[in-house]
Each structure stands twice: as C-alpha cells, then as structure tokens.
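These notes concern the structure reproduced below.
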2 protein chains.
Amino acid sequence: MRKIDPAQYRAKRRHIMMAAAPLFAAHGLDGTSTARIREAAGVSSGTLFHYFPSKRAVFVALLTDDDNGDAQRLAAARDRDDPRTALLDLVEDLAAPAASPVAAGLVMEALRQAGNDAELAAALEADSDVELEALAHLVSRSVRESGADPVLDARATAVWIQTIIGALFLRAATETGFDAAAQLRDLRLLLDRLLGETSPRTER
Amino acid sequence: MRKIDPAQYRAKRRHIMMAAAPLFAAHGLDGTSTARIREAAGVSSGTLFHYFPSKRAVFVALLTDDDNGDAQRLAAARDRDDPRTALLDLVEDLAAPAASPVAAGLVMEALRQAGNDAELAAALEADSDVELEALAHLVSRSVRESGADPVLDARATAVWIQTIIGALFLRAATETGFDAAAQLRDLRLLLDRLLGETSPRTER
DNA sequence: GTCTATACGTAGATAGAC
DNA sequence: GTCTATCTACGTATAGAC
C-alpha cells in the first residue's frame, strides 16, 4: 500500500521539526518535553511518534537535514577570484545564522549534546571540518595572492576564525538585544586586522 | 539547639556542590538527576535536600558563590601601571578557567539556563558588566598611554575581547583534547594585533 | 495517519525514624 | 544531620480504535 503523498509526509515532518526548534533552542533537549512539542505542532502524541522514533530524532533531524546546500556554498566560496574578499564574505555567510536566536540556540544545544552523543558529534565535526578546510584554503590563498600577514599559520588562523564565529553564536544565544548586524560589521573590521596588511600596504 | 559546627556545615555543602559540578558540566542541569548528584556526593536524598532546597539551588550556588574575590582582582588589574600589559594579563586571567573542562562546561550551561531564569541572568550580567568595565578602562588607557590603535572604540573593543574569551570557553567545553595553554599563547598574539601598534611603533 | 487513552519508568522532593 | 522509605507528578513512548 503506497503512501498517499510523500511530499505531504515530508511537509508534516518538517512542520513538527519547525514547531520543536524554538523549544529546543530555548529550553534545551532535556528541558523540552514531547508534550510541549506535540502541543506546539498541534498534533497528538501518537502522530508525533509516527513521524519520529524519538524526541532525540526530532532534534537530530533539525541539525542534520541540510536544506541550504552548505557544501556547495563552501565550494563556491573556495574558488572565488579575490581570496581576501571571498574570505570575509564567507565569514559573514557562516556567521549570518547567529542573527536568528532560534538558530543560535539550536547550535549551542547541539554542541552541548555532542559531548554525550558520539554520532551527533561526528556529524557536527564533519561539517565543521569542511568549513575549516574552506577557510584555511582562503586564508592560505590570501597570504600568497594578496599579501595578507596573519599572526598565525593558515590553519590556526582558520580555527580562530571558526572560534570567533562560534562566539557570535554564543552571544546571540545568551544575550538579549544582541545586535547581529552591528557585530557582523565589527567582525569584518577585526578580521581585516587579524589577517594583516594587504599589499600594497599603506604607510601611516 | 545551636549548630554543632558551622564550618563543617559549609564544608559538606561545598562537598555536595563539588560532586555535582562535573555532572552539571557534562550533562547540563536538566540532564543531571538528583539521584546522580546524591550518588556522586555519597549522601542520601534526604541529606541532599537538607543542604539545598532544590537541584537548581545547587547549580546556582556553584555559579554565584565567589570564592576567588573576582572583584578585587579586576580592581587591581584596572589600576596597574602599564595598561597594555595589564590588559593582556587580565585577559589571560579571565580566560584561564577555560583550561578546566568542568569550569568551561558549567559556564556554558549557566549561559543556557540564564535564558530561562531572570535571577540567574541578572547575576551573570552583573559580573560580566564589571569585567567589561575593567577591560574597557584598560583599553582606553592603552590608547592614551601606550599608543594602541584598535579598530573599534574602547567599549566595543572590550566587548569583542569578552567575546573572544567566551569563544575559548565554548571550545574548551565542546572540544575534546582542547589545548588551553596553546590557545592562550595564540590569544595573546591575536589581541596584540587587535589592539594595534604600540608606540614607538616599529617600521617594517 | 491521526486520534484517545494509558503503560511504565523515573523525576524531584518529603516524611519521619534514628 | 542523616538515613530509609515513599509520595506524587511527569517523562517518553506505545496500543489500538477510527
């Protein structure tokens, strides 16, 4: 007996996920009961567990269902002409979700849960490694092509860039009235400084 | 009927807190049962609730009992002679607890919980504001006295320094095998760059 | 596919003996 | 002050009717 409509099935699954997302972001995985998810999604307990085998599965799906084609965006950034501009744009792209409190909160909770869930940790680290590689590649190209002069080597610099982006998520998730747009502007200035002089460098 | 020994009372209270700390750090507040705390501390449920009115009270006590005299240390740093060195030393001092996975995990969980607990949020923000003021003061003095040239104004720079310290805690809490010592070395280099040239500046 | 009703375990917290 | 025993509520997840 075939499904009536696979598209509708996925839509409803997604509907439940979207209802659960702000709850997980605000109260964490353990702090969110299936009853609240059920209520927020407007479905019964039976329906919830028809679409997901467990509460954790809803959470994991939110983190691993990649609807934005992240990998493609990273690959495109990697190969752009001007590495310095490409790097700064990529950073902004990676940091942008911090503007959404829900996204920021979810990421924070994901990192927390990854400590106790090897499978989740592996998935997150895989994503992170791809990001890191793209960042390091662009830092490296910047050094060669546009005279950047970072204090650290390319990979370490990339790790720090990732770290700082993570810090933005942290602040977005915890600070009420966090002004993401202003922070992104500052971030660009700071990175410019961290990467060092461009060539030809300006004399003061 | 007076207490047998107030000092012993506080010691036992502290013993329970110390037993709970790594559990909260690893599994979060909601993810840690009173049964596990009880077990780790080697006391019964009755005893646990004799010393603390609730599980949350144990957690809050871990964050708000200031045993290190943080305020004094900040005030001392504020008024040191060489502001640039004082600033870098202060940053190291503030970032140092990130070397302890338990401390880092607790801080992360505290920030997460602060979103749903106004009282806790207020306490944490008060601490953070005192830190920020000391940092901004030192940045400001560095600009005037030692020719620092940050990209942003003193307060914004201080906020970013806090952000970067937060990033260290984040990584310490989420990354297994995090090398805190190495990161502190990098941090000093990065901040030096971020603060800009010292005077007399060196020509390359 | 979606519901109602509920099983079954474990949670936080308390009572009262010692 | 500390224990054992226990209360009540709520947690996730399932069963089975529709």
Side-chain angles (χ1 to χ4, degrees), chain A residues 1-63 109 112-113 116-117 119-120, chain B residues 1-63 109 112-113 116-117 119-120:
Chain A
M1 195 193 306
R2 68 181 170 84
K3 289 228 183 61
I4 298 190
D5 187 349
Q8 203 166 45
Y9 185 88
R10 307 209 95 201
K12 184 130 203 177
R13 200 181 132 90
R14 200 170 165 72
H15 169 72
I16 294 173
M17 284 161 59
M18 291 303 125
L23 299 174
F24 284 143
H27 308 289
L29 177 60
D30 294 313
T32 302
S33 68
T34 55
R36 289 189 69 171
I37 297 172
R38 182 191 76 49
E39 184 184 19
V43 298
S44 73
S45 171
T47 302
L48 172 59
F49 285 96
H50 173 73
Y51 284 92
F52 295 93
S54 69
K55 179 172 74 164
R56 173 167 287 263
V58 181
F59 182 71
V60 172
L62 275 167
L63 295 165
E109 180 63 7
R112 152 138 279 313
Q113 291 297 329
N116 314 317
D117 181 336
E119 203 170 352
L120 183 57
Chain B
M1 198 192 303
R2 71 182 168 82
K3 288 228 185 62
I4 299 193
D5 187 350
Q8 204 167 44
Y9 184 89
R10 305 211 96 202
K12 184 130 204 176
R13 200 182 131 92
R14 198 170 168 72
H15 168 72
I16 294 173
M17 284 161 61
M18 291 304 125
L23 299 173
F24 285 143
H27 308 289
L29 178 58
D30 293 313
T32 302
S33 67
T34 55
R36 290 189 69 170
I37 297 172
R38 185 192 75 50
E39 183 185 20
V43 298
S44 72
S45 170
T47 301
L48 171 58
F49 284 98
H50 173 71
Y51 285 92
F52 295 93
S54 69
K55 179 173 76 163
R56 174 168 284 262
V58 181
F59 181 71
V60 172
L62 275 167
L63 295 164
E109 180 62 7
R112 154 139 276 314
Q113 291 296 328
N116 314 317
D117 181 335
E119 205 170 351
L120 183 57

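Reminder, nothing fancy here: chain letters follow the sequence lines and each chain counts from 1. Heavy-atom basis, side chains included; hydrogens, waters and symmetry copies ignored.
For the pair His50(B) NE2 and dT2(D) C1', the computed distance is 8 Å after rounding to whole Å. His15(B) has its NE2 atom 13 Å from the C1' atom of dT2(D), to the nearest Å. We find that CZ of Phe52(B) is positioned 18 Å from C1' of dT14(C), with the value rounded to whole Å. Between the CZ atom of Phe49(B) and the C1' atom of dA5(D) there is a distance of 15 Å, given to the nearest Å. Rounded to whole Å, atom C1' of dT2(D) lies 13 Å from atom CD of Gln8(B). Rounded to a whole Å, the CG atom of Asp30(A) is 11 Å from the P atom of dG12(C). Summarising the geometry, the separation between CG on Leu48(B) and P on dT2(D) is reported as 12 Å, rounded to the nearest angstrom. As rounded to whole Å, 15 Å separates atom C1' of dT10(C) from atom CD1 of Ile37(B).
Residue contacts shown for Ser44(A) include a base, since a base heavy atom lies under 4.0 Å away.
Of the possible donor and acceptor atoms, none in the side chain of Lys55(B) sits under 3.5 Å from a partner among the backbone N and O of Ser33(B).
Of all nucleotides listed (dT2(C), dG11(D), dG12(C)), dG11(D) comes nearest to the side chain of Ser33(A). Taking only side-chain atoms of Tyr51(B), from C-beta outward, the nucleotide of dG1(D), dT2(C), dG11(D) with the closest atom is dG1(D).
Considering only side-chain N and O atoms, Lys55(B) lies nowhere under 4.0 angstrom from the phosphate OP1 or OP2 of dA11(C). Using a 4.0 Å cut-off, some side-chain N or O of Thr47(B) falls inside it from OP1 or OP2 of dC3(D).
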Under the side chain to side chain contact (heavy atoms under 4.5 Å, CB included) criterion, do Val43(B) and Lys12(B) qualify, and how do the steps go? CA-CA 10 Å; Val43(B) 298; Lys12(B) 184 130 204 176; 3.8 Å; yes

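Contacts between residues 18-28 of chain B and DNA chain D, defined by a heavy-atom separation under 4.0 Å, are absent.
Looking at Tyr51(A) and Met17(A), their side chains never come closer than 4.5 Å, going by heavy atoms from C-beta outward. Two residues are said to be in side-chain contact when any heavy atoms from C-beta on lie closer than 4.5 Å; Val58(B) and Phe24(B) meet this criterion.
When every heavy atom of Leu23(B) is checked against every heavy atom of Ala40(B), the shortest pair comes out as CD1-CB, 4.0 Å.
By the salt bridge (Lys or Arg N to Asp or Glu O under 4.0 Å) test, Asp117(B) pairs with Arg56(B), sequence neighbours left out.
Checked by distance alone, Ser45(B) brings a side-chain donor or acceptor within 3.5 Å of a matching partner on the base of dT14(C).
Interatomic distance, CE of Met18(A) versus NE2 of His15(A), reported as 11.0 Å (0.5 Å rounding).
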